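Starting from 1, each residue takes its place in the sequence as its number. As a basis for the values below, the full set of heavy atoms in this structure was taken, side chains included, without hydrogen atoms, waters or symmetry mates. As the structure is a computational prediction, the values presented were derived from the model and not from experiment.
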Amino acid sequence: LHKLQEIQRNLLKTPSKLSIDVSARNDGNGYVSSFVCVRNDNGNIIDSCSARFLCVDSKEEMDEKYNEFVEFIKKYTA
């Protein structure tokens with residue numbers, strides 16, 4: 001969650017066509033959910049990526065999801 005919130009803060013510092021949402025829930029099946037999308041000049045979503053990190057996921061599974069999420073963001077901020 002901390003790493004995702006850090007990404008969110010960094011994206012808010014500079015103008016971007018990326019929108020990001022990070023949420024956490026603990027209803028007995030704890031998870032962190034994240035969603036990022038790219039919008040065109042008309043505000044329409046042209047690409048997106050989402051990741052859900054479940055408390056039962058292994059570290060390797062979480063790392064893989066996180067890395068895919070970060071690579072998507074890098075693609076549109078480079």
Side-chain angles (χ1 to χ4, degrees):
L1 180 60
H2 174 71
K3 288 181 179 181
L4 294 171
Q5 289 173 326
E6 184 177 333
I7 290 170
Q8 191 175 35
R9 279 191 300 276
N10 290 338
L11 286 176
L12 291 173
K13 290 179 184 176
T14 57
S16 172
K17 294 187 180 205
L18 289 171
S19 297
I20 186 170
D21 179 49
V22 177
S23 61
R25 185 169 182 164
N26 186 7
D27 59 359
N29 300 318
Y31 65 87
V32 173
S33 181
S34 55
F35 174 80
V36 65
C37 68
V38 181
R39 297 182 183 272
N40 63 15
D41 292 335
N42 296 327
N44 298 322
I45 295 174
I46 57 173
D47 201 0
S48 65
C49 180
S50 63
R52 180 175 274 188
F53 304 91
L54 302 172
C55 63
V56 295
D57 287 343
S58 70
K59 175 152 178 31
E60 292 78 20
E61 289 172 311
M62 287 187 188
D63 287 345
E64 183 179 336
K65 291 175 188 178
Y66 175 78
N67 289 334
E68 289 174 14
F69 195 75
V70 169
E71 287 304 313
F72 179 88
I73 292 170
K74 286 180 182 177
K75 175 179 171 182
Y76 288 101
T77 57

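A salt bridge links E71 and K74; the closest N-O separation between the charged side-chain nitrogens and carboxylate oxygens is under 4.0 Å.
Side-chain contact between S19 and R39 is present, with at least one heavy-atom pair separated by less than 4.5 Å. Using a 4.5 Å heavy-atom cutoff, the side chains of K75 and V38 are not in contact. Looking at D57 and R52, their side chains never come closer than 4.5 Å, going by heavy atoms from C-beta outward.
Rounding to the nearest 0.5 Å places OG of S58 at 9.0 Å from CD of E64. Atoms CZ and CD1, on R9 and I20 in that order, are 11.0 Å from each other to the nearest 0.5 Å. Rounding to the nearest 0.5 Å gives a distance of 4.5 Å between OG of S34 and CZ of F53. To the nearest 0.5 angstrom, I7 atom CD1 is 4.5 Å from I73 atom CD1. The structure places CE of M62 at 7.5 Å from SG of C55, a figure rounded to the nearest 0.5 Å. Taking CD of E6 as the reference point, atom NZ of K3 lies at 9.0 Å (rounded to 0.5 Å).
A donor-acceptor pair under 3.5 Å is absent between the side-chain atoms of N42 and the main chain of N44, judged by distance alone.
Under the 4.5 Å side-chain heavy-atom criterion for ILVMFWY residues, no single connected hydrophobic cluster contains both L4 and F35. Hydrophobic clustering (side-chain heavy atoms under 4.5 Å, transitive across Ile, Leu, Val, Met, Phe, Trp, Tyr) groups F69 together with Y76.
Checked against salt bridge (Lys or Arg N to Asp or Glu O under 4.0 Å), D21 has no partners two or more places apart in sequence or in another chain.
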